[in-house]
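Naming: A, B, ... by sequence-line order, numbering from 1 per chain.
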Amino acid sequence: MCGRFAVSPAVVENIAVVEVGNPGALQIGADIRPTTDISAVVATGAGRMLHPMRWGFVPDWYAGPNDGPLLINARAETIATKPAFRAACRQRRCLIPTSGFYEWQSLGRQGKRPYWLQPAHGGAATFAGIWQDWRGADGAVHHSCAIVTCAASEDLAHIHHRLPVIIEPSNHALWLGEAGRGAATLMHAQPQGWWQAEPDRGPPVSSPRLL
DNA sequence: CCAGACGTTGTT
DNA sequence: GTCTGG
DNA sequence: CCAGACGTTGTT
DNA sequence: GTCTGG
């Protein structure tokens with residue numbers, strides 16, 4: 001699945017040129033966690049915009065971000081019918097820039113082992129996402145999002161059975177709804193070998209707190 | 001996702 | 001809000 | 001009809 | 001073990 005990821009400075013170069021004109025708004029980080037603000041590319045009538053969003057989708061019936069379970073992922077297999085995701089799946093898809101993500105392999109009683117996965121081609125990528133807006137008590141509109149997941153490809157199944165869906169640049173317009181229908185066909189794993197997996201590499205350890 | 005907390009009382 | 005279970 | 005759920009992950 | 005915060 002995808003519960004921690006990274007956005008490197010190199011992604012800024014890539015996204016700034018290929019996607020949008022306001023790279024300064026892209027959130028950079030080596031350990032991006034659920035509930036924090038991330039940057040997502042959304043389609044608008046005037047083109048694509050990079051927009052900050054809480055990672056943790058808030059359905060429109062939630063009274064607030066903690067009014068139900070934390071929804072950081074949405075299953076590709078059921079996203080079109082689940083009440084929480086259905087409308088967003090049809091009308092509010094986004095692209096979430098990334099340089100790679102962390103996955104923890106379960107070792108049963110022996111605990112777990114972290115892996116760092118990044119595109120084998122060495123560049124940036126974009127996760128498939130869906131987003132939702134909701135109005136806070138102060139009347140301000142906030143955005144939140146979830147990353148779409150699918151079954152893992154065979155080469156990665158030994159690490160984990162779910163993976164984030166990647167949208168290739170040639171399909172960005174289709175996913176964002178700028179090129180008609182057909183986004184559903186994009187929700188599948190990348191071919192074997194697309195991801196490069198490095199074992200025993202977890203998120204950077206945060207610096208010890210000073211007393 | 002992981003890491004870290006997980007409690008009560010009364011007093012200021 | 002919308003769907004499911006009873 | 002109303003009441004209650006509405007989600008993903010992994011683990012057993 | 002289970003919940004919360006990030």
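The phosphate of D/dC6 (OP1 or OP2) has no side-chain N or O of A/Lys82 nearer than 4.0 angstrom. Note on A/Thr36: every side-chain N or O is 4.0 Å or more away from OP1 and OP2 of E/dG5. The shortest distance between the side-chain N/O atoms of A/Arg162 and the OP1/OP2 oxygens of D/dT8 is not below 4.0 Å. For A/Thr149 and D/dT9, the shortest distance from a side-chain N or O to OP1 or OP2 is below 4.0 Å. A sub-4.0 Å separation between OP1 or OP2 of B/dC2 and a side-chain N or O of A/Lys112 is present. Regarding contacts with the backbone of C/dG1, every side-chain N or O of A/Arg86 stays at 4.0 angstrom or more from both OP1 and OP2.
A/Phe57 comes within 4.0 angstrom of no nucleic acid atom, judged by non-hydrogen atoms across all strands. Residue contacts shown for A/Ala146 are absent, as no nucleic acid heavy atom lies under 4.0 Å away. Heavy atoms of A/Thr35 sit under 4.0 angstrom from at least one base atom. Among the heavy atoms of the strands, none lies under 4.0 Å from A/Thr81. In this structure, A/Pro34 reaches the bases: a heavy-atom distance under 4.0 Å links it to at least one base atom across the strands shown. Backbone-only engagement by A/Asn73 is indicated by non-hydrogen atom pairs under 4.0 Å involving sugar-phosphate atoms exclusively. The residue A/Arg75 sits close only to the backbone: its heavy atoms come under 4.0 Å of sugar-phosphate atoms, none of a base.
Remark: the separation of the P atoms in B/dC1 and D/dT11 is 9 Å, to the nearest Å. Nucleotides B/dT9 and E/dT2 have their C1' atoms positioned 25 Å apart, rounded to a whole Å. Rounded to the nearest Å, the gap between the P atom of D/dA5 and that of E/dC3 is 15 Å. As rounded to the nearest Å, B/dG10 and E/dG1 have P atoms that lie 34 Å from one another. For the P atoms, the distance from B/dT8 to E/dG5 is 16 Å, rounded to whole Å.
A/Asp31 has its CG atom 10 Å from the P atom of B/dA3, to the nearest Å. If you take CD1 of A/Ile130 and C1' of D/dG7, they are 11 Å apart, rounded to a whole angstrom. Atom P of nucleotide B/dC2 and atom OH of A/Tyr115 are separated by 14 Å, given to the nearest angstrom. In this structure, A/Asp60 atom CG and D/dA5 atom P are separated by 18 Å, rounded to whole Å. Atom pair A/Glu77:CD and D/dT8:P shows a separation of 9 Å (rounding to whole Å applied). Put simply, CZ on A/Arg33 is 11 Å from P on B/dC2, counting in whole angstrom units. Here E/dG5 presents its P atom at 18 Å from CH2 of A/Trp55, a figure rounded to the nearest Å. Put simply, CZ on A/Phe85 is 8 Å from C1' on D/dT8, counting in whole angstrom units.
A distance cut-off of 5.5 Å between ring centres, combined with a plane angle under 30°, places A/Trp61 in a stacking arrangement with the base of D/dC6.
Base pairing annotation: E/dT2 forms a Watson-Crick or G-U wobble pair with B/dA5, both donor-acceptor distances under 3.5 Å.
Within 6.0 Å of the CD atom in A/Gln192, the count of heavy atoms belonging to other residues, nucleotides or ligands exceeds 12. A/Arg86 CZ: 12 or fewer foreign heavy atoms inside a 6.0 Å radius.
Among A/Val41, A/Val165, A/Thr126, A/Val148, the one residue that satisfies the side-chain contact (heavy atoms from CB on, under 4.5 Å) test with A/Trp175 is A/Val148.
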Practice task
Apply ring-ring contact (aromatic ring centres under 6.0 Å, His included) to A/Trp55 and A/Phe127, showing your working.
Solution key: CA-CA 12 Å; A/Trp55 183 19; A/Phe127 294 133; 8.1 Å; no
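Remark: the backbone N or O of A/Leu117 is not paired with any side-chain donor or acceptor of A/Glu103 at under 3.5 angstrom. Of the possible polar contacts, one joining the A/Asn73 side chain to the A/Cys2 backbone as a donor-acceptor pair under 3.5 Å is found. A donor-acceptor contact shorter than 3.5 Å links the side chain of A/Arg54 to the backbone of A/Gly56.
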